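Structure record follows, encoded as structure tokens.
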Amino acid sequence: IAGLKKVKWPGRFQVISKKPLTILDGAHNPAGARVLAETLRSQFPGRKFTFVLGVQKDKDAAAMVGEIKNIADDIIITHSANRAAADSVAGRPAIGLSKALKSSTGKDRVITGSLYLVADALKYLDVGMAP
């Protein structure tokens, strides 16, 4: 139990900033998006977030959006550098990650939808992996 309390799993509800809040979570399917939304509601009751969302082409993006839309102030569609990344989500075109992150700067945000996206965001935001 003591070891589990010390486990760090980058990209899984990883808080990289508290003010403003920035969370990275690799939720990449509707079930993961549901758990993410439930966790956000329990950890931050009543708060809304800007979601930076990028998914792979083979994912049910519409269902993922359905899971997060009630706690979203905004959903910014982006994509990872992975060749299987979707170019649009729910009919909305994806913008580049750099632009998506810049447009969400200063807002409480959650970067999610793909572990590839989370990895790209970690690099872009220059987040170290050390504890």
Side-chain angles (χ1 to χ4, degrees):
I1 291 175
L4 288 175
K5 289 181 180 180
K6 295 179 183 181
V7 169
K8 298 220 185 286
W9 194 354
R12 293 296 187 177
F13 212 79
Q14 181 180 3
V15 177
I16 62 169
S17 172
K18 292 187 178 183
K19 290 191 181 189
L21 185 63
T22 297
I23 298 170
L24 294 144
D25 192 281
H28 59 274
N29 56 41
R34 183 177 321 109
V35 170
L36 173 60
E38 290 169 359
T39 303
L40 289 166
R41 283 187 196 99
S42 71
Q43 296 292 314
F44 307 100
R47 277 171 88 170
K48 298 263 185 173
F49 304 89
T50 294
F51 284 84
V52 177
L53 177 69
V55 301
Q56 298 299 92
K57 292 175 187 173
D58 65 340
K59 301 300 177 178
D60 186 353
M64 293 170 68
V65 169
E67 295 293 344
I68 62 174
K69 69 181 179 184
N70 291 331
I71 57 170
D73 268 336
D74 191 14
I75 300 175
I76 300 169
I77 306 302
T78 189
H79 54 79
S80 70
N82 186 281
R83 59 185 163 82
D87 294 326
S88 66
V89 170
R92 293 173 50 194
I95 63 174
L97 180 58
S98 174
K99 185 175 181 180
L101 292 174
K102 285 178 185 173
S103 67
S104 65
T105 298
K107 302 173 184 177
D108 289 338
R109 65 185 172 181
V110 180
I111 302 163
T112 191
S114 160
L115 290 168
Y116 295 107
L117 177 69
V118 167
D120 289 352
L122 284 167
K123 290 177 198 167
Y124 181 87
L125 296 169
D126 196 25
V127 176
M129 294 299 189

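For clarity, every value in this text was computed on a predicted model and none was experimentally measured. We number each residue from 1, following the sequence as shown.
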Exercise answer: donor-acceptor pairs, residues 53-64 side-chain atoms, under 3.5 Å, sequence neighbours excluded:
residue	atom	partner	partner atom	Å
Gln56	NE2	Asn82	OD1	3.1
Asp60	OD1	Ala63	N	3.2

For a quick test of your reading: what N or O donor-acceptor pairs under 3.5 Å do the side chains of residues 65-78 make, sequence neighbours left out?
residue	atom	partner	partner atom	Å
Glu67	OE2	Arg34	NE	3.3
Thr78	OG1	Ile95	O	2.8
Thr78	OG1	Leu97	N	3.2

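Of all heavy-atom pairs spanning Ala100 and Ser103, the tightest one is O-OG, 3.0 Å. Scanning all heavy atoms of the two residues, the minimum distance from Leu24 to Ile16 falls at CD1-CG2, 3.5 Å. The two residues Ala27 and Ala33 come nearest to each other via the heavy atoms CB-N, 3.8 Å. Listed here is the closest heavy atom pair of Val52 and Ser104: CG2-OG, 3.7 Å.
Note on Val15: it clusters hydrophobically with Phe49, by side-chain heavy-atom contacts below 4.5 Å among ILVMFWY residues.
Between Phe44 and Phe13, the ring planes are parallel. Angles under 30° get that label, and only those over 60° would be called perpendicular.
Interatomic distance, Ile23 CD1 to Gln14 CD, rounded to the nearest 0.5 Å: 10.5 Å. With rounding to the nearest 0.5 angstrom, the CZ atom of Arg41 is 9.5 Å from the CG atom of Leu36.
In this structure, Asp120 contributes its side chain and Ala81 its backbone to a donor-acceptor pair below 3.5 Å. The backbone N or O of Pro20 lies less than 3.5 Å from a partner atom in the side chain of Ser17, making a donor-acceptor pair.
Here salt bridge (Lys or Arg N to Asp or Glu O under 4.0 Å) pairs that include residues 98-117, with residues two or more places apart or in two chains, are Arg47-Asp108.
Of the options Leu122, Thr50, Leu101, a side-chain contact (heavy atoms from CB on, under 4.5 Å) to Ile111 is made by Leu101 and by none of the others.
Put simply, the side chain of Leu40 reaches to within 4.5 Å of the side chain of Phe51, judged on heavy atoms.
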